[in-house]
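Okay, structure first, notes after.
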Amino acid sequence: MWLLDDGERRVLVDAGQPAYIPLIHDGLAALGLTPDDVTDVLLTHMHWDHVANFTMFANATTWVGEKELAWAAEQPAGTKFIPDLHVQELLRRTEGVERISAGQEFLPGIHAIASPGHTPHHLAFFTERTPESMIFAGDSVKNIHELATLRADSSMDDEQSVSTIDRLRSLLTDTSGLLLPGHDVGLTVVDGEVQRVRPQHAVIGYFADATGGEQDRSIG
């Protein structure tokens with residue numbers, strides 16, 4: 001999840017999964033904000049871990065790909081990764097939900113980019129309003145490995161994913177900007193090499209048995 005704040009609009013890219021709710025409150029509070037201060041929520045695609053919390057932003061407009069939402073609505077109940085009730089709620093709402101298309105500048109300086117593969121109508125978002133241009137890739141590029149190798153895990157169409165990653169990497173190189181993936185820290189391309197802008201870190205606590213204490217299995 002990524003937040004853009006220009007002092008007037010506070011734009012959240014993807015809404016996260018339910019387990020993120022305490023982290024979202026804490027992260028916003030650290031910036032002096034609450035969920036009510038978020039003005040816009042942009043959904044890259046209709047998987048549960050990117051959609052589920054859109055309802056917690058009561059004052060926000062939720063922007064969702066028209067084709068992606070229609071595709072998700074056609075899937076049988078219980079289709080893996082598709083949050084049936086959230087899809088139906090997005091369809092039901094007549095206020096606070098706007099549908100967008102690839103190629104559209106739907107907010108000032110923010111453009112939707114077709115990025116199919118992970119899902120059929122996945123959207124990425126591109127902006128040059130920030131000090132350096134930014135590409136919000138969602139799960140069209142999930143991590144440094146995919147951007148570096150053009151090989152995507154968990155794709156519904158491998159050929160489309162390769163094409164999408166290649167196009168987004170070219171845009172990243174041409175703009176000397178920053179790519180924000182779905183499951184990694186920010187990425188750049190420097191002299192043809194994909195690099196993280198800061199170290200990735202995960203904090204994990206692990207209980208090996210019933211009597212021993214918690215073990216630190218954190219990953220640097």
Side-chain angles (χ1 to χ4, degrees), residues 1-73 75 79 81-102 104-115 118-119 121-131 134-142 178-186:
M1 299 174 64
W2 310 96
L3 181 70
L4 288 169
D5 185 352
D6 66 1
E8 295 183 7
R9 299 188 93 105
R10 284 155 295 280
V11 180
L12 189 68
V13 182
D14 282 328
Q17 57 166 296
Y20 290 178
I21 291 175
L23 300 175
I24 293 169
H25 282 287
D26 291 347
L28 290 173
L31 300 172
L33 302 172
T34 73
D36 287 347
D37 294 314
V38 174
T39 61
D40 302 271
V41 176
L42 319 185
L43 301 180
T44 57
H45 65 293
M46 292 304 300
H47 281 170
W48 70 280
D49 57 327
H50 292 254
V51 171
N53 297 328
F54 86 90
T55 56
M56 71 182 285
F57 305 101
N59 298 325
T61 298
T62 298
W63 302 84
V64 59
E66 183 173 17
K67 290 183 177 179
E68 179 78 0
L69 180 58
W71 164 77
Q75 306 312 301
T79 298
F81 309 131
I82 302 295
D84 304 326
L85 295 180
H86 294 81
V87 171
Q88 294 305 315
E89 182 65 11
L90 286 166
L91 290 169
R92 184 191 68 82
R93 294 193 179 194
T94 57
E95 295 183 358
V97 174
E98 296 288 342
R99 303 179 191 188
I100 56 178
S101 301
Q104 181 179 351
E105 183 182 3
F106 58 95
L107 287 173
I110 300 180
H111 302 258
I113 302 174
S115 50
H118 182 70
T119 61
H121 306 287
H122 190 294
L123 293 176
F125 303 112
F126 175 72
T127 182
E128 292 183 298
R129 293 190 62 188
T130 47
M134 291 185 174
I135 303 165
F136 298 91
D139 281 356
S140 65
V141 181
K142 293 184 286 299
L178 182 66
L179 184 141
L180 293 312
H183 296 273
D184 207 335
V185 299

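Heavy-atom basis, side chains included; hydrogens, waters and symmetry copies ignored.
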Query raised in the report: Would you say Asp49's side chain and Gln17's backbone share a donor-acceptor pair under 3.5 angstrom?
Result: no

Query - By side chain to side chain donor-acceptor pair (under 3.5 Å) - contacts of Lys142 (at least two apart) - result: Glu146

Query raised in the report: If we only count heavy atoms from C-beta on, is the Asn53 to Tyr20 side-chain gap below 4.5 Å?
Result: yes

Query raised in the report: How about Met46 and Gln75: do any of their side-chain heavy atoms sit closer than 4.5 Å?
Result: no

Requested in this report: Find out whether Leu123 and Ile113 are in side-chain contact, i.e. whether some heavy atom of one side chain is under 4.5 Å from a heavy atom of the other.
Outcome: no

**Report entry** Beyond-backbone contact of Leu69 with Arg99, side-chain heavy atoms, under 4.5 angstrom
**Finding:** yes

Query raised in the report: To the nearest 0.5 Å, what is the distance between CG (Leu42) and OG1 (Thr62)?
Result: 9.0 Å

Query - Side chain to side chain, Met134 and Val13, heavy atoms closer than 4.5 Å - result: no

Report task. Could you tell me whether a side-chain N or O of Thr39 sits under 3.5 Å from a main-chain N or O of Arg10, the two making a donor and an acceptor? Result -> yes

Query raised in the report: What are the two closest heavy atoms between Val87 and Ala72, and how far apart are they?
Result: CG2-CB, 4.0 Å

Query - Heavy-atom check, side chain of Leu33 versus side chain of Val38, under 4.5 Å - result: no

Query raised in the report: Say you draw a straight line from CD of Glu68 to OG of Ser101; how long is it, rounded to the nearest 0.5 Å?
Result: 12.0 Å

Query raised in the report: Should the ring pair His86 and Phe54 be called parallel, tilted or perpendicular, given that the plane angle runs from 0 to 90° and is split at 30 and 60?
Result: perpendicular

Report summary line: Rounded to the nearest 0.5 Å, the NE2 atom of His122 sits from the NZ atom of Lys67 at a distance of 15.5 Å

Query - Spacing of Met1 atom CE and Leu180 atom CG [to the nearest 0.5 Å] - result: 13.0 Å

Query raised in the report: Of the non-hydrogen atoms in Ala112 and Phe106, which two are nearest, and what is the gap between them?
Result: N-CE2, 3.9 Å

Query raised in the report: Are His47 and Asp139 linked by a side-chain donor-acceptor pair shorter than 3.5 Å?
Result: no

Report task. Indicate whether the side chain of Thr119 and that of His45 have a donor and an acceptor atom separated by less than 3.5 Å. Result -> no

Requested in this report: State the CD1-OG distance between Ile135 and Ser115, to the nearest 0.5 angstrom.
Outcome: 10.5 Å

Query raised in the report: Under the side-chain contact (heavy atoms from CB on, under 4.5 Å) criterion, do Ile24 and Phe57 qualify, and how do the steps go?
Result: CA-CA 11 Å; Ile24 293 169; Phe57 305 101; 4.0 Å; yes

Report task. Test side-chain contact (heavy atoms from CB on, under 4.5 Å) on Ile21 and Met56 and set out the steps. Result -> CA-CA 9 Å; Ile21 291 175; Met56 71 182 285; 4.2 Å; yes

Query raised in the report: With a cut-off of 6.0 Å (strictly less than), are more than 12 heavy atoms of other residues, nucleotides or ligands near CG of Leu85?
Result: no

**Report entry** Main-chain N/O of Pro181 paired with Asp184 side-chain donor or acceptor, under 3.5 Å
**Finding:** no

Query raised in the report: Among all residues two or more places apart in sequence or in another chain, which pass the side chain to side chain donor-acceptor pair (under 3.5 Å) test with Asp14?
Result: Thr44, His50

Requested in this report: Apply the side chain to side chain contact (heavy atoms under 4.5 Å, CB included) test between Trp63 and each candidate in Leu43, Leu107, Val41; give the one that qualifies.
Outcome: Leu107

Query - Backbone of Val97 reached by a side-chain donor or acceptor of Thr61 within 3.5 Å - result: no

Query raised in the report: For the side chain of Glu105 and the backbone of Gly109, is there at least one donor-acceptor N/O pair under 3.5 Å apart?
Result: yes

**Report entry** Residues Asp37, Leu28; criterion side-chain contact (heavy atoms from CB on, under 4.5 Å); working and verdict
**Finding:** CA-CA 9 Å; Asp37 294 314; Leu28 290 173; over 6 Å; no

Query raised in the report: Is any side-chain N of the basic residue among Arg9 and Asp40 closer than 4.0 Å to the acidic one's carboxylate O?
Result: yes

